[in-house]
Amino acid sequence: MTFLENGWLQLLTDQAEFAHVNEPINVAQKRAAALRSAVVASSADAVLLLHNDPFAIYPYLYAHERLPEVELALANTLPPSAALHDYVNWTNRLGPWTYAFFPARKIGVHQGEAAGIALRQAMQGKVLTLELPMFDWTAAPDARVPIADIVSGWIKHGGGATKPTVPAAAAHLRGRTVPMVSASLTARFITAVLKGLASELI
């Protein structure tokens with residue numbers, strides 16, 4: 001509940017992740033342009049973007065192609081029974097732990113392009129995003145999807161401070177606590193993906 005009591009959610013159009021344009025004007029677009037310039041200047045063979053997903057159970061990837069070594073390294077950090085079950089209607093699956101990058105227009109953003117698409121156009125190397133689970137929903141598995149829907153609706157209706165979503169979310173939690181995923185586990189996921197990516201580049 002601390003996350004919702006103190007959080008702030010921007011409209012997708014105000015997020016640098018979906019603000020890549022040829023002629024940047026606003027703050028988000030300028031941040032996106034700075035990222036592209038830094039990536040190009042680095043001459044990197046690959047770029048790994050990190051993103052927190054408050055409602056994911058397991059970590060997962062976005063990429064332009066399936067990266068078997070990365071998927072295997074990530075899968076080795078997870079329980080044998082783990083699987084990516086959540087359905088999305090804005091893209092397709094490339095592998096057991098990978099979704100395909102998608103144009104921003106697929107989620108209703110027409111003023112800019114998504115980072116995964118724009119960076120691939122700006123550089124020759126591989127681009128992937130590691131989506132990291134932010135919370136451990138083990139204690140309240142039935143509350144995860146309803147609260148995700150509440151937050152998604154809040155963003156669609158303008159976003160801003162998330163405190164007004166607290167009563168509805170609390171009704172689903174019924175006093176249960178959802179802790180954050182530990183920093184050590186998050187580090188384990190990142191390290192595994194970096195090692196898998198290094199193997200892909202050999």
Side-chain angles (χ1 to χ4, degrees), residues 1-21 24-35 49-62 84-93 97-119 128-183 185-186 189-190:
M1 295 304 296
T2 302
F3 173 69
L4 295 180
E5 288 172 349
N6 300 284
W8 179 279
L9 293 173
Q10 297 168 303
L11 287 169
L12 293 177
T13 51
D14 294 333
Q15 297 180 18
E17 182 179 3
F18 301 107
H20 291 264
V21 297
I25 298 173
N26 62 37
V27 173
Q29 292 170 351
K30 290 178 180 178
R31 289 177 60 201
L35 172 63
L49 304 171
L50 302 179
H51 191 271
N52 284 321
D53 186 335
F55 303 106
I57 300 174
Y58 301 114
Y60 60 96
L61 304 161
Y62 280 104
L84 189 57
H85 292 302
D86 286 353
Y87 170 77
V88 299
N89 59 10
W90 56 85
T91 188
N92 59 291
R93 289 270 289 273
W97 294 104
T98 307
Y99 292 113
F101 276 124
F102 55 90
R105 66 177 183 276
K106 288 282 191 177
I107 55 172
V109 178
H110 300 279
Q111 298 91 331
E113 188 52 275
I117 302 293
L119 290 177
L128 65 159
T129 295
L130 171 58
E131 295 278 354
L132 294 159
M134 192 172 177
F135 297 105
D136 180 354
W137 289 92
T138 304
D142 56 294
R144 182 179 67 91
V145 172
I147 295 177
D149 290 341
I150 291 168
V151 171
S152 178
W154 185 250
I155 295 173
K156 289 178 181 177
H157 286 89
T162 54
K163 193 167 185 176
T165 67
V166 168
H172 290 287
L173 285 175
R174 302 192 302 277
R176 293 170 293 180
T177 299
V178 178
M180 291 191 72
V181 171
S182 69
L185 185 55
T186 297
F189 295 148
I190 296 171

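Just the heavy atoms: all of them, side chains too, but no hydrogens, waters or symmetry mates, feed the values below. Bear in mind that the values here come from a model prediction, so they are computed numbers and not experimental data.
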Checklist entry - Can you find a heavy atom in the side chain of P54 that is under 4.5 Å from one in the side chain of F3? => result yes

Item to check | Nearest atoms (heavy-atom pairs only) where P141 meets A139 | outcome: CD-C, 3.6 Å

Item to check | Spatial distance of atom CH2 (W137) from atom CZ (R176) [nearest 0.5 Å] | outcome: 9.5 Å

Item to check | Aromatic plane relationship, Y99 with Y62 - under 30° parallel, 30 to 60° tilted, over 60° perpendicular | outcome: tilted

Next on the checklist: Within the 4.5 Å heavy-atom criterion, are F189 and L132 side-chain neighbours or not?
Outcome noted: yes

Item to check | Pairwise side-chain contact, L61 with L130, heavy-atom cut-off 4.5 Å (strictly under) | outcome: yes

Next on the checklist: Could you check whether atom CZ of R144 has more than 12 heavy atoms from other residues, nucleotides or ligands sitting under 6.0 Å from it?
Outcome noted: yes

Item to check | Closest non-hydrogen atom pair, A169 against I150 | outcome: N-CD1, 3.9 Å

Checklist entry - What's the shortest heavy-atom distance between Q111 and V21, and which atoms? => result O-CG1, 3.1 Å

Item to check | Minimum side-chain heavy-atom gap I147-T165 below 4.5 Å | outcome: no

Next on the checklist: Could you go through I107 and L12, starting from their C-alpha distance and side-chain angles, then the distance that decides it, and tell me whether this counts as side chain to side chain contact (heavy atoms under 4.5 Å, CB included)?
Outcome noted: CA-CA 9 Å; I107 55 172; L12 293 177; 3.8 Å; yes

Item to check | D53 and F135, any side-chain heavy atoms less than 4.5 Å apart | outcome: no

Item to check | Inter-residue atom distance E17.CD - R31.CZ, 0.5 Å rounding | outcome: 10.5 Å

Checklist entry - Nearest heavy-atom pair of V178 and A140: which atoms, and what distance? => result CG2-CB, 4.1 Å

Checklist entry - Within a strict 4.5 Å, meaning less than it, do heavy atoms of the L49 and L119 side chains meet? => result yes

Item to check | Gap between atom CG of D149 and atom NE2 of H172 - 0.5 Å precision | outcome: 8.5 Å

Item to check | Euclidean distance, T98 OG1 relative to L84 CG, rounded to 0.5 Å | outcome: 8.5 Å

Item to check | Test item: I117 and F102 side chains (from C-beta on) under 4.5 Å apart, heavy atoms | outcome: no

Next on the checklist: Surrounding CZ of R105 (heavy atoms of other residues, nucleotides or ligands, distance under 6.0 Å), is the total greater than 12?
Outcome noted: no

Next on the checklist: Let me confirm one number: the CG-CE distance from L185 to M180, rounded to the nearest 0.5 Å.
Outcome noted: 12.0 Å

Checklist entry - Taking all non-hydrogen atoms of both residues, which atom of A16 and which atom of A32 are closest, and how far apart? => result O-CB, 3.6 Å

Next on the checklist: What verdict does the side chain to side chain contact (heavy atoms under 4.5 Å, CB included) test give for W154 and T162, after you've listed the backbone C-alpha separation in whole Å, the side-chain angles of each residue and the deciding distance to 0.1 Å?
Outcome noted: CA-CA 8 Å; W154 185 250; T162 54; 4.0 Å; yes

Next on the checklist: For a quick test of reading the model, state the closest non-hydrogen atom pair linking A100 to T91 and the distance between them.
Outcome noted: O-OG1, 2.6 Å

Next on the checklist: In the structure I gave you, are the side-chain heavy atoms of E131 and P59 within less than 4.5 Å of one another anywhere?
Outcome noted: no

Checklist entry - Once you round to the nearest 0.5 Å, how far does CD1 of I57 lie from OG1 of T138? => result 8.5 Å

